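Single-structure report; data block below.
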Amino acid sequence: MFDRGYFRGRGRIVRYERAHPLPERSRLGPAADVEAVAAERQTYRNLCYLLLAIPIGIVYQFGLTLGFLGAIFAVVLVGIPILLCTIVGARYLAAFERRLANRLLTTDIRRPADR
């Protein structure tokens with residue numbers, strides 16, 4: 001069963017197709033809706049992703065701060081290797097984040113094409 005339709009996005013009409021239609025509202029009330037969400041496996045995968053985002057975000061902040069210092073020290077040629085390592089490391093971190101989102105959030109984020 002597919003949910004199909006069109007929507008306007010960025011000045012053009014986009015066609016979408018969703019494999020699983022949105023669930024209907026429960027007639028039993030909001031408590032039943034909360035129970036239904038709590039029983040889904042995806043809820044806990046989303047929660048795991050959010051809990052992992054906290055320490056990973058701290059590591060990202062440290063790495064980008066180090067890269068910013070590398071840009072400042074590039075004037076005296078010491079920061080150029082630091083800056084290059086930060087740029088390469090950012091690509092690896094983006095690949096890690098993409099794999100993490102694909103597995104935990106069940107998305108399909110593909111690797112961007114290199115130019």
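Every value quoted in this text rests on a predicted model; they were computed, and no experiment measured them.
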First locate atom [atom1] of [X], then atom [atom2] of [Y], and finally report the distance between them rounded to the nearest 0.5 Å.
| X | Y | atom1 | atom2 | answer |
| --- | --- | --- | --- | --- |
| L64 | L69 | CG | CG | 11.0 Å |
| N46 | R41 | CG | CZ | 12.0 Å |
| T106 | N102 | OG1 | CG | 9.0 Å |

Does [X] belong to the same Ile/Leu/Val/Met/Phe/Trp/Tyr cluster as [Y], with side-chain heavy atoms less than 4.5 Å apart forming each link?
| X | Y | answer |
| --- | --- | --- |
| L66 | L83 | no |
| L77 | L84 | yes |
| Y49 | F96 | yes |
| L52 | L105 | yes |

* Asked: Does Y60 OH have over 12 foreign heavy atoms under 6.0 Å away?
  ->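 Atom OH in Y60 is packed in, count exceeds 12.
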
Specify the closest pair of heavy atoms between [X] and [Y], including all atoms of both residues, with the distance to one decimal.
| X | Y | answer |
| --- | --- | --- |
| G67 | T86 | CA-OG1, 3.1 Å |
| E97 | I56 | OE1-CG2, 4.1 Å |
| A101 | T107 | O-OG1, 3.3 Å |

* With no hydrogens and no angle check, is any side-chain donor or acceptor of E40 less than 3.5 Å from a backbone partner on E35? -> no

* Asked: Does the Y44 side chain pair with the main chain of A38, one donor and one acceptor, at a distance under 3.5 Å?
  ->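 Pair found, side chain donor or acceptor close to backbone of A38.
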
* To do: State, with a plain yes or no, whether a side-chain heavy atom of R91 is found less than 4.5 Å away from one of P112.
  => no

